[in-house]
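Reading through the structure tokens given below for one structure.
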Amino acid sequence: MIPYQIIEKKSRGQQLSHSEISDFILAYTDGSIPDYQMSALLMAIFIKGMSTEETLSLTKVMLESGEQMDFSSAPGFVADKHSTGGVGDKVSILLAPILAVLDIHIPMISGRGLGHSGGTLDKLESIPGFDVNLDLDDWKEMVIKEHVGLIGQTGNICPADKKIYALRDVTATVRSIPLISASIMSKKIAEGIQGLVLDVKTGNGAFMQTPAESRALANSLVSIGKGYGIKTTALITDMNQPLGSAIGNWFEMEESVRGLQGDGPADLMEVTYALGAEILRMSNPNLSEAAAIELQSKTVADGSAFEKLKRITELQGGDPGVLDDLSQYPKAKYSQTLTATESGYLSHVDTMALGFAGIQIGAGRRKITDAIDYSSGMYMHARIGDNLGRGDDIITVYSNDEKALEEVMAKGEEYFSINQSPPEIPPLILERIE
Ligand code: URA
């Protein structure tokens, strides 16, 4: 195999064979192809796309590059939920314990922040001591016994994706339907699940910004899942503003805890329950959507879902005490609030810019080795459509880096638009793809 010829073929928009994809990807994974050639192929795929067969080949090669889990001994339905990424999206942290209480087994493998979008692993690690690098056998045992375990992609699960994902993050090749599809689905199939619901974000804080692009991604993901015999559905949900009010790792953990204590923002709870209902109805097709939502809200009302989150935390080495007493958590040294300079309706939020502002104040990474400041984050006081008076609070930004905070606040007004007429409020759940 001559890497140059494969890059050249894809750059002309021609279809690669399974063996060309397999040889190239496996040689990159074992180090015999350098980053610069893989980057060139990724950019050619990004620009020229891939056919359905090529995407399936890429998924298969990435899946088979590592270990695949077997949960056939689990005494119940084994399922997972995955989001394509956005700002303030903390649904997994609520949904994993809720579904575990309802007897669904959730072997959840999550990611870190990617580009402007946050990652579940970083949020979980904001809990002191929380270990997302469990040994795979310990994790499997936890999933069987506790119905849930929350880990990151270890070296053994889709190592090809792990290496390629890191390269895509720094070569602006994330926003590609075949690359996202193969990356997400190889990891999900490796989990050994029977059911999967995908939260495909759409809007200015998502990788796919228009409903048409998001629909194409959702269709691609769902068809790969089904091809592997996994019951798969997708909801296309809005990302034209952050989900909930909190952005940033510990801020989002706090909001998740409040959600599990019955005090979560309406949009966050609606998306959580809608995604959860998909999985509950895969496990029991006789259940109505309303009944599936009711079952989930009961686990919040009776405290069992919150107890489950504390149990997960304890078993994964974290301190459940901070979840019981949120005020214990160290606060950022500096904070500033942006207020409305005129009265009117909040009509637009530049969600992606808020995600990047989060990186600037220390809530995300500029490069892979950066440490995250878990106390940095933001809190939105307004949502699109709110009628604001002059001087009303829009967002408060918290950081331990005073200079970065000043820089973000100096651009603050660019992130929001206020209009005199009420805007169209984007629907929260746009579509269901089956
Ligand atoms: N999440 C993934 O796991 N991979 C992508 O490519 C994008 C989001």
Side-chain angles (χ1 to χ4, degrees), residues 35-36 38-39 42 83-90 92-93 109-133 150-155 159 161-175 180 183 187 205-207 242 246-254 256 316-318 322 329-336 350-379 395-412 415:
D35 281 354
Y36 55 81
M38 187 71 228
S39 303
L42 288 171
S83 159
T84 56
V87 179
D89 179 4
K90 66 258 327 156
S92 294
I93 298 164
I109 299 175
S110 304
R112 299 198 178 277
L114 180 67
H116 71 288
S117 106
T120 302
L121 295 183
D122 299 326
K123 295 169 203 186
L124 292 171
E125 282 181 345
S126 71
I127 302 174
F130 199 108
D131 182 7
V132 296
N133 297 309
L150 309 175
I151 59 162
Q153 189 179 359
T154 71
D161 170 66
K162 195 170 186 191
K163 208 169 164 194
I164 293 170
Y165 187 96
L167 195 59
R168 286 168 59 216
D169 192 23
V170 292
T171 54
T173 48
V174 173
R175 206 172 38 78
I180 296 180
S183 165
K187 284 174 290 203
F207 290 116
I247 308 165
N249 303 288
W250 174 251
F251 288 75
E252 295 191 39
M253 270 314 305
E254 242 181 20
S256 306
Q316 297 201 216
V322 293
Y329 207 79
K331 305 273 173 298
K333 274 195 266 181
Y334 310 102
S335 69
Q336 283 190 41
D350 188 341
T351 316
M352 189 170 288
L354 282 182
F356 283 119
I359 295 178
Q360 206 172 337
I361 56 167
R365 298 181 187 79
R366 287 167 208 258
K367 53 182 189 318
I368 225 128
T369 46
D370 283 350
I372 287 190
D373 174 4
Y374 296 116
S375 308
S376 283
M378 306 179 211
Y379 197 84
I395 192 167
T396 303
V397 184
Y398 300 81
S399 181
N400 286 308
D401 181 339
E402 194 174 14
K403 186 163 166 276
L405 177 64
E406 294 289 348
E407 282 165 9
V408 163
M409 294 309 288
K411 286 183 287 180
Y415 304 147

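Just so we're clear, the structure is a prediction, and the values are computed from it rather than from any experiment.
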Closest non-hydrogen contact found for A332 with S375 is CB-O, 3.5 Å
Rounded to the nearest 0.5 Å, what's the gap from OG1 on T120 to CE on M253? Could you check? 10.0 Å
Spacing of E406 atom CD and S399 atom OG [to the nearest 0.5 Å]: 10.5 Å
Give the minimum heavy-atom separation between L121 and G152, together with the two atoms involved. CD1-CA, 3.5 Å
Hey, does the side chain of K162 reach the backbone of Q153 with a donor-acceptor pair shorter than 3.5 angstrom? yes
Here the gap from E125 atom CD to N249 atom CG, rounded to the nearest 0.5 Å, amounts to 9.0 Å
Distance (rounded to the nearest 0.5 Å) between I151 CD1 and I109 CD1: 4.5 Å
Check against salt bridge (charged side-chain N to carboxylate O under 4.0 Å, His left out), E407 and K411: CA-CA 7 Å; E407 282 165 9; K411 286 183 287 180; over 6 Å; no
Going by heavy atoms in the side chains, are S126 and Y329 under 4.5 Å from each other? yes
Indicate yes or no: at least one non-hydrogen side-chain atom of L124 is less than 4.5 angstrom from one of Q316. no
Atom pair CZ/CE of R168 and M38 - distance to nearest 0.5 Å: 9.5 Å
Can you confirm whether M378 sits close enough to V397 that some side-chain heavy atom of one is under 4.5 Å from a side-chain heavy atom of the other? yes
I need the minimum non-hydrogen distance between N400 and Y334, along with the two atoms involved. O-CE1, 3.5 Å
Please examine the side chains of K123 and F251, heavy atoms only from C-beta on, and report whether any two atoms are closer than 4.5 Å. no
In the structure I gave you, are the side-chain heavy atoms of Y165 and K187 within less than 4.5 Å of one another anywhere? yes
Applying the salt bridge (charged side-chain N to carboxylate O under 4.0 Å, His left out) test to R365, which of D373, D122, D370, D169 qualifies? D122
Do I93 and E252 have side-chain heavy atoms sitting under 4.5 Å apart? no
Step by step, work out the side chain to side chain contact (heavy atoms under 4.5 Å, CB included) result for F207 and H116. CA-CA 9 Å; F207 290 116; H116 71 288; 3.8 Å; yes
I247 CD1 to D89 CG distance, which is reported to the nearest 0.5 Å: 12.0 Å
Taking the side chain as everything from C-beta on, heavy atoms only, tell me whether S335 gets closer than 4.5 Å to Y398. yes
Is there a side-chain contact between Y415 and I395, using heavy atoms and a 4.5 Å cut-off? no
